[in-house]
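Below: one structure, written as structure tokens.
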2 protein chains.
Amino acid sequence: MANRKTLSGGSAAFHGTRHAHARCVGRALGRAEELCRQRGARLTYMRRRVLELIWDSHKAVKAYDLLDRLSDSEKSVRPPTVYRALEFLMVHGLVHRVDSLNAFVGCSGSDEQHNAQFLICQECGEVSEMDGAMIGQAVARQAAEAGFNVRRQMVELHGECPGCAAK
Amino acid sequence: MANRKTLSGGSAAFHGTRHAHARCVGRALGRAEELCRQRGARLTYMRRRVLELIWDSHKAVKAYDLLDRLSDSEKSVRPPTVYRALEFLMVHGLVHRVDSLNAFVGCSGSDEQHNAQFLICQECGEVSEMDGAMIGQAVARQAAEAGFNVRRQMVELHGECPGCAAK
DNA sequence: CTGGAAATGTTACTTTATAACAATGCATTT
DNA sequence: AAATGCATTGTTATAAAGTAACATTTCCAG
């Protein structure tokens, strides 16, 4: 209620190039810290680093891009390190894997709900997380009709975001 | 109308172990032939072979499993061969890629509609294609609310199929 | 039966991800 | 502080998934 930028039921936000992105990052890191504290999980240097890099944009990031960005001429970070950090962040609901892209995005949903859908712009690459209640319901209902018990739903919609449509 | 086994709007079929699977295969190959004839596309030996192997079960099949099955001690088939056959079959709507599994299933939908959703059983691995009209609508509507223009939708639901639930 | 396009073969490589074990860090008990 | 033990990260190697580029073959139209 307090924060008009928080995603709420049925809406999704695209950000475009110019927005106060530091706030997005700040919010995400804040939430991560809070959540880990509550759960007694350790948000280590590496995990925080990876989370920051993922939140560097609203696009989905490839694991090996993270790897490159984490490595400098001195010291190269290896795949397992990144995948382990990603694993941790996913388990705690701080990032999502976008299966249709083999890539990762920061979770911008609110704490507990997790029937997220992803809107993926084919032009600019931005990914927006949406909590589409209607979609969730339709999925649940139609699966039930088929006698199927849904445990995890993946909905990834590729198309054109409002910003890119405007051009 | 004539064929009660054909999937129709809003329903999905799971097959379990005992069913007249030769019919599924026959139907799929028949459709493939028909469709290629209509379009002047060539259903070559390799493409037909791959399609048959995919229809060997109702599970999603990995490209490299196809590769193994296509190779014998004499002659090994290489990745591009399989991926090219898969590409062809996908372009013509004869198989689908299941992104969340990096695997492929035969298309059991009717000819032209293509808003398919996949129900994937985590126990037995069977994949069932569903044409959930409600889901499609909900997706379209909620994306539209967000100003997003959907070009391709990917809906993959992991859970428990009726057969496995019964056990 | 031949010229050209489509299909397949072949080699090499890229991208994505994980297994297995070693070393280090860090928190708690003694 | 030393000892214990588990969580985290480092390291090496390899698996799994997919593609680029060019050579060869197939096959159909003329």
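Protein chains get the first letters and strands the later ones, always in sequence-line order, with residue 1 at the start of each. Note that the coordinates shown come from a computational prediction; the quantities given were computed from them, not determined experimentally.
The phosphate of C/dA6 has neither OP1 nor OP2 within less than 4.0 Å of any side-chain N or O from B/T44.
Of the possible donor and acceptor atoms, one in the side chain of A/Q117 sits under 3.5 Å from a partner among the backbone N and O of A/G132. A donor-acceptor contact shorter than 3.5 Å is absent between the side chain of A/K62 and the backbone of A/F104.
We find that CZ of A/R49 is positioned 17 Å from C1' of D/dT8, with the value rounded to whole Å. Distance CE (A/M46) to C1' (D/dG10): 9 Å, rounded to an integer number of Å. Between the CG atom of B/L43 and the P atom of D/dT26 there is a distance of 19 Å, rounded to whole Å. The distance between atom CG of A/L86 and atom P of D/dT8, rounded to the nearest whole Å, is 15 Å. Rounded to an integer number of Å, the gap from CG of B/L66 to P of C/dT8 is 15 Å. Between B/E87 atom CD and D/dA17 atom P the separation is 18 Å, expressed in whole Å. Taking atom OH of residue B/Y83 and atom P of nucleotide C/dT14, one finds them 17 Å apart after rounding to whole Å. Between the CG atom of A/D65 and the C1' atom of C/dA17 there is a distance of 15 Å, given to the nearest Å.
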*asked:* Does the protein touch nucleotides 19-25 of chain C at the base, only the backbone, or not at all? Give it as B, S and - per nucleotide, heavy atoms under 4.0 Å.
replied: BB-----
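With sequence neighbours excluded, the residues that form a ring-ring contact (aromatic ring centres under 6.0 Å, His included) with A/F118 are A/H96. Evaluation of the salt bridge (charged side-chain N to carboxylate O under 4.0 Å, His left out) rule for B/R152 yields B/D99 as partners, not counting sequence neighbours. Judged as a side chain to side chain donor-acceptor pair (under 3.5 Å), and not counting sequence neighbours, the contacts of A/H21 are A/H19, A/H58. Partners of A/N102 by side chain to side chain donor-acceptor pair (under 3.5 Å), not counting sequence neighbours, listed by chain and number: A/R97.
The rotation axes computed at either terminus of the helix from C/dC1-D/dG30 to C/dT30-D/dA1 lie 20° apart, taking five pairs at each end and rounding to 10 degrees.
The side chain of A/R78 has D/dT12 as its nearest neighbour among D/dT12, D/dT19, C/dA7. Here the side chain of A/R47 is nearest to one of D/dG18, C/dT8, D/dT8, namely D/dT8. Among the nucleotides D/dT11, D/dG18, C/dA17, the one closest to any side-chain atom of A/A63 is C/dA17.
The nearest heavy atom of DNA chain D to A/S76 and to A/A41 marks one nucleotide each, and the one closer to the 5' end goes with A/A41. The 5' end of DNA chain C is approached more closely, in terms of each residue's nearest nucleotide, by B/T81 than by the other of A/K62 and B/T81.
Scanning residues 88-105 of chain A for heavy-atom distances under 4.0 Å to DNA chain D yields an empty list.
Sequence neighbours left out, the pairs with a member in residues 138-167 of chain A that pass ring-ring contact (aromatic ring centres under 6.0 Å, His included) are A/F148-B/F14. For residues 123-145 of chain B, there are no ring-ring contact (aromatic ring centres under 6.0 Å, His included) pairs, not counting sequence neighbours. Residue pairs meeting the salt bridge (charged side-chain N to carboxylate O under 4.0 Å, His left out) criterion with at least one partner in residues 154-167 of chain B, sequence neighbours excluded, are A/R151-B/E160. Among residues at least two apart or in separate chains, salt bridge (charged side-chain N to carboxylate O under 4.0 Å, His left out) pairs with a member in residues 67-82 of chain A are A/D56-A/R69. Sorted by first and then second residue, the salt bridge (charged side-chain N to carboxylate O under 4.0 Å, His left out) pairs with a member in residues 80-96 of chain A form an empty list; sequence neighbours excluded.
A donor-acceptor contact under 3.5 Å is not formed by the side chain of B/Y64 with the base of D/dA16.
Taking the charged nitrogens against the carboxylate oxygens, B/E34 and B/R37 do have a contact shorter than 4.0 Å, which makes a salt bridge.
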